[in-house]
Amino acid sequence: MSNNAPLLVTTGEPAGIGPEITLMLAANGQLNNSVAIGDTGLLKQRAALLGLHLDVVEAAPGSREASSPGRLVVWHAALREPVIPGVLNSANAGYVLETLQIAVDACQQGHAAAMVTAPLHKGVIIEGGFPSFTGHTEWLRDACGVDEVVMLLATDQALHAQSSRWQGSSDLRVALVTTHLPLREVADAVTYDKITRISRLLATDLKNQFGIVAPRIAVCGLNPHAGEDGHLGREELDVIIPALEALRAEGLDVQGPLPADTLFTPRHLAGVDAVLAMYHDQGLAVLKYAGFGQAANITLGLPLVRTSVDHGTALSLAGRGIADPNSLGVALALAKRLAAQRGNALIAL
Ligand SMILES: NC(=O)C1=CN([C@@H]2O[C@H](COP(=O)(O)OP(=O)(O)OC[C@H]3O[C@@H](n4cnc5c(N)ncnc54)[C@H](O)[C@@H]3O)[C@@H](O)[C@H]2O)C=CC1
Ligand SMILES: NCC(=O)COP(=O)(O)O
């Protein structure tokens with residue numbers, strides 16, 4: 001990694017809130033070591049629409065110039081068609097993916113310290129000619145040529161931790177065995193191999209990226225009451241328990257499978273560093289209840305640092321200046337910390 005590389009912020013779906021939450025952070029000085037990737041004209045228009053006093057200026061991809069108070073530096077990618085806030089247009093799907101590719105290339109070539117992604121709209125990318133697209137996480141796995149990645153969402157401001165009686169960590173971290181899958185397909189995707197690979201990656205990155213020396217992972221069951229000894233589903237007996245036994249034999253501290261409805265209560269979370277949920281809404285509904293807007297999404301297992309917001313494109317808010325940019329700020333702060341930990345030199349503030 002060369003010296004003084006910026007953090008990159010991909011601005012996401014152009015009709016969503018990604019461009020404006022990026023501009024909002026730039027306007028209050030939170031993008032000072034960063035560069036946005038997106039259409040410069042779009043960002044200028046959105047800044048004007050919101051009445052933000054900000055110079056939006058273009059720089060060549062790979063340059064060391066970064067944003068400063070009152071000035072947002074942009075690595076330009078051209079929109080395919082003009083954008084109306086809140087109105088999706090599948091013609092711009094290729095544009096969104098181009099912003100991601102620019103970021104990946106720059107991280108891999110040492111021109112950037114990390115990438116932070118504003119939300120994109122999965123459906124419109126699929127409709128725009130990319131039928132196998134399911135999300136940043138899986139796209140980044142393929143773009144980086146790795147076999148497996150882990151989606152982890154984390155907040156250090158979990159709701160239950162605000163109680164004066166709470167004695168555990170204020171961090172809540174939730175990782176997923178399966179990510180963007182129809183519920184009908186989830187049970188078949190929860191395999192011995194998948195659980196063991198994801199758990200190993202999670203434990204390794206909790207150590208290496210979060211500095212947790214001996215990570216304790218609580219693992220959810222798939223079925224109600226963790227299958228009730230096989231009476232309410234057999235995945236626990238046939239797949240999850242054997243996988244966890246193998247992981248324990250390797251020295252991993254994995255508890256479970258635990259009934260997911262009570263695992264997230266403060267008593268069970270007190271000694272836990274991360275929860276491994278079997279599917280998207282099992283884990284993320286709780287995480288978002290505990291800290292929506294205060295959390296970030298991290299992809300573990302990549303050769304680069306990638307964090308993201310905890311929310312989506314919020315189309316109905318786009319162009320109105322009322323979206324909360326806080327999660328993007330949390331994602332930026334985390335990316336900065338993770339990049340520094342990897343030894344990626346950041347532009348000094
Ligand atoms: N990292 C990413 O790229 C993500 C993308 N998405 C995508 O976003 C699209 C919309 O997804 P939804 O499930 O509707 O979730 P969403 O997060 O866009 O919206 C859910 C609710 O939260 C509100 N909300 C979201 N972000 C907000 C913010 N910053 N400030 C204030 N209120 C906010 C919305 O107005 C809405 O009421 C989908 O295509 C989904 O796949 C969803 C999550 C993450
Ligand atoms: N709910 C998290 C989410 O959908 C984000 O997915 P990704 O685009 O970061 O893979």
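The shown structure was predicted, so the numbers you read here are calculated from the model rather than taken from an experiment. Counting convention: from 1, in listed order, for ligands and their atoms alike.
Between the side chain of Q30 and the backbone N or O of G329, no donor-acceptor pair lies under 3.5 Å.
For residues 85-99, the pairs satisfying salt bridge (Lys or Arg N to Asp or Glu O under 4.0 Å) are R80-E98, with sequence neighbours left out.
Rounding to the nearest 0.5 Å places OG1 of T179 at 8.0 Å from NE2 of H280. Separation of atoms CZ (F130) and CG (L97) is listed at 5.0 Å; rounding is to 0.5 Å.
Listed by chain and residue number, the protein contacts of ligand 1 are I17, P119, L120, H121, K122, H136, F292, S308, H311, G312, T313, A314, L317, A323, D324 (heavy atom within 4.0 angstrom).
Of the residues L244, T196, L202, I240, the one that meets the side chain to side chain contact (heavy atoms under 4.5 Å, CB included) test with V254 is L244. For the pairing with K336, the side chain to side chain contact (heavy atoms under 4.5 Å, CB included) check across T307, V305, V116, L7 returns one residue only, L7.
A salt bridge does not link R71 with D55: every distance from a Lys NZ or Arg NE/NH1/NH2 to an Asp or Glu carboxylate oxygen is 4.0 Å or more. With respect to the salt-bridge test (charged N to carboxylate O, under 4.0 angstrom), the residues R200 and E250 qualify.
Scored by the side-chain contact (heavy atoms from CB on, under 4.5 Å) test, H225 finds E228, L232, D261 as partners (sequence neighbours excluded).
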Tabulation required: pairs of a nitrogen or oxygen in ligand 2 and a protein nitrogen or oxygen under 3.5 Å; columns are atom names and distance to 0.1 Å; otherwise 'none'.
| from | atom 1 | to | atom 2 | distance (Å) |
| --- | --- | --- | --- | --- |
| ligand 2 | 1 (N) | H280 | NE2 | 2.9 |
| ligand 2 | 4 (O) | K122 | NZ | 3.0 |
| ligand 2 | 4 (O) | H180 | NE2 | 2.8 |
| ligand 2 | 6 (O) | H180 | NE2 | 3.4 |
| ligand 2 | 8 (O) | H136 | N | 2.9 |
| ligand 2 | 8 (O) | H136 | ND1 | 2.8 |
| ligand 2 | 9 (O) | N297 | ND2 | 3.1 |
| ligand 2 | 9 (O) | R306 | NH1 | 3.2 |
| ligand 2 | 9 (O) | R306 | NH2 | 2.8 |
| ligand 2 | 10 (O) | H136 | N | 3.2 |
| ligand 2 | 10 (O) | T137 | N | 2.8 |
| ligand 2 | 10 (O) | T137 | OG1 | 2.5 |

